[in-house]
Amino acid sequence: MSGNKNTGGIAWAGSLVGSQNPNNLGYRYSHAHKRYKKTDDSENDDTLPASVVVQFKNREGEEVGNLIDIPTNSDIDAMSSLVHSLLNPEEEDESKKIPYSFYAKVKRNGVVDDVEVTSTLASLIKEHNLGTEDVISLTYQPLAVFRVRPVTRCTDTMPGHTEAILHVSYSPDGRHLASGGGDTTVRFWDVNTSLPKFTCHGHKNHVLCTAWSPDGKRFASADKNGVLILWDPSKGKAVSTIKAHTKHISSIAWEPMHMNKECDRLATASKDSLVKIWHARTKRCIATLSGHLDSVECVKWGGEGLLYSASRDRTIKAWCVEGTDPKDVGKLVRTFKGHGHRINSLALSCDYVCRTGPYDHRCKKFASDDEAHQAAIDKYNAFKAGEPERMVSGSDDFTLFLWHPKESKHPIKRLTGHQQAVNHIAFSPDGRYFASASFDKKTKIWNGKSGDFISTLHGHVGAVYQVAWSSDSRYLVTASKDSTAKLWEMPAGKRAKETLPGHADEVYALDWSPNGSSVSTGSKDRTIKIWKH
Amino acid sequence: MPQHEHMERHMKLHGRRLDHEERTRKREARLVHKRSEFAQKVHGLRAKLYNEKRFKEKAAMRKTIAQHNQRNNKHANDEAVADGAVPAYLLDREGVSRAKVLSNTVKQKRKEKAGKWEVPIPKVKPVADDEMFKVMRTGSKRNKAWKRVVTKCTFVGDNFTRKAPKFERFIRPTGLRMKKANVTHPELKTSFQLDILSVKKNPSSNLYTNLGVMTKGTIIEVNVSDLGLVTTSGKVAWGKMAQVTNNPELDGCVNAVLLV
């Protein structure tokens, strides 16, 4: 109702009819689209033939089946079931059928691009003026078979921190939640009952970032003094305290599990312009990566044996962290230049799969480490499917750059559109999209492969601080300075599907549980809120 | 020099004088006076040596006092945690707060109204009249003393002609007249030699402003048409304020910094 007050009493809402309503001026606002049903003339368009010839291809580009003549008005569901029957004709069980999305190769502005089929083939052909005489090749991509239910309500408010909450993170299996705050404590919470589990003292200054190892057995937190503490999440005890850096630590990255069964290496980035790699068991510094000239803002451990660090000196550097010779660890591989101002954030297409390690939506428990390791490898390979690793960087110069960091030091694309500094970027778990949050109050969605702009999410009235994807890539939540979080449906939703109000101050921290059940937000008002369906 | 321990022996045999405690107390009390008397009187090498010795003694004294006070001393609290925790992505971004920008602009406007500038040299030593002017004796007997000669650098306009001797109270010597100033642009970090247009304000006195006297801290107007500066309204600026940063009468040139 608050929206009506601003419009000077003209706007009308259903329940407020009658003489008691001061806003009721005796007439209704009527919308044209409600009164007149729009006639869609695309259905009975004579110019399009009744059918076109298509060729289905999988993600690797291999052709599936022969050329097929299908009706132009066939939609995604029809095409999905067609692909199913092509792939395994015996399968009759409806529940095992994976949903697909379809992409067609379209030439736009002289560049061949993948365009997603949104409704029917006819609409695609009309929109892009495709020739109906040629063969249209459609690449299909599997979507998540499970569906995360959109979060709509606040189920729990967890007080405990005595200062602003700066970071919240779910464990890779989604069973644990940890938070770090300005009151110098790290707190572990019970996800099922939303009660505090452990309160860990040890830091002497604001805890800026926290991170779970991909196997979920280790937990690291770093503070503003440059101290790194490794915790045992099952006991809530500090395993080791390391004075890692001379200035504040801005980012932590664990080694992905598919590279190393033990998951015992992590990298820290600090304002003292160094990146250091640590061994979690021996507590030794394996390598100190120096080369940046200014504060390092973000560090990411890639899935291909490279470590990426972004700095305020306008460069991103890739470091070798894999190799038989221990001397190879820490060698500078590439420097990515292009940004004109400090770089705030990095995102890798494999971020999510690396973060969750062997775990997925099924919450499976693994009998042994080997089994988990194998699961992590399988999951990573299934995700990668022969595509190069993609990296996106966001900067204070209001732009983003898309890179293929393993292959070239030159950017694939420069993405413009934001009107203020880009603060945070996140790839969707399936790598098809990425979202960028900016101080200009907007979030933008981009195509994860080509970097094409897809949509802008308006709605927040303050700077957007963080974004987080649901594990099925169908929803996005954003946390903002305006003390709300908002839920958006992907990729079509331009208006927020839900607003998650309740915090009394800026929302600093945000995470969506990897098993999809809940979202947690941490705010300056010293509470953590849990949001569920 | 005492031979043998005869004093100790005497003390053991006969004890101390009855007023011994009183006498030592008084001697000690007098000691500081004696020392002070000596310290005031002494000179030359002995004074140097004495001061050195005394300095060391005092340093030692300070140290022992500090040691005794240790329990009461106040220490900086290392454990204190700063308020206002912000996440890593907002650290070092405090300068861009919207409220701050607003209040700054308000302050700026107020300042502009008041016609005051934030200048690079906010405070200068005032120049007294007897330093500024030299009395010039006139009259055939040199017994009149109503004329003054300015002893500092001055700026006089292009079309200046001296008054008749009878009416010329202040004389500005031609040798100390300046036409150009070396002006530094603080942001570009380069300096240019520019024509002086006028003296706007001499902080010491209104009289000096009228006379066009340039001392350290004086605001002068310089001709910046060569620099191609543009005002906020888009016009080419040609007169701009600068502040004198050196003592022109000692250096023989005027150095100034542009107020931007």
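Convention: sequence-line order gives letters A, B, ...; per-chain numbering from 1. Hydrogens, waters and symmetry mates play no part in the numbers below; they use all other heavy atoms, side chains included.
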Verdict with supporting geometry, B:Glu249 and B:Lys216, salt bridge (charged side-chain N to carboxylate O under 4.0 Å, His left out): CA-CA 9 Å; B:Glu249 72 279 2; B:Lys216 188 170 179 174; over 6 Å; no

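A:Phe427 and A:Tyr352 have their aromatic ring centers separated by at least 6.0 angstrom. Ring to ring, A:Phe401 and A:His339 are close: their centroids are under 6.0 angstrom apart.
For A:Arg342, the part lying near chain B is the side chain, with the backbone staying farther off; criterion is any non-hydrogen pair under 4.5 Å. Contacts of A:Lys524 with chain B are absent, with no heavy-atom separation under 4.5 Å from either backbone or side chain. Only the side chain of A:His248 comes within contact range of chain B, with heavy atoms under 4.5 Å apart. For A:Asp396, the part lying near chain B is the side chain, with the backbone staying farther off; criterion is any non-hydrogen pair under 4.5 Å.
None of A:His418, A:His424, A:Lys444 except one satisfies the side chain to side chain donor-acceptor pair (under 3.5 Å) rule with A:Ser436; the exception is A:His418.
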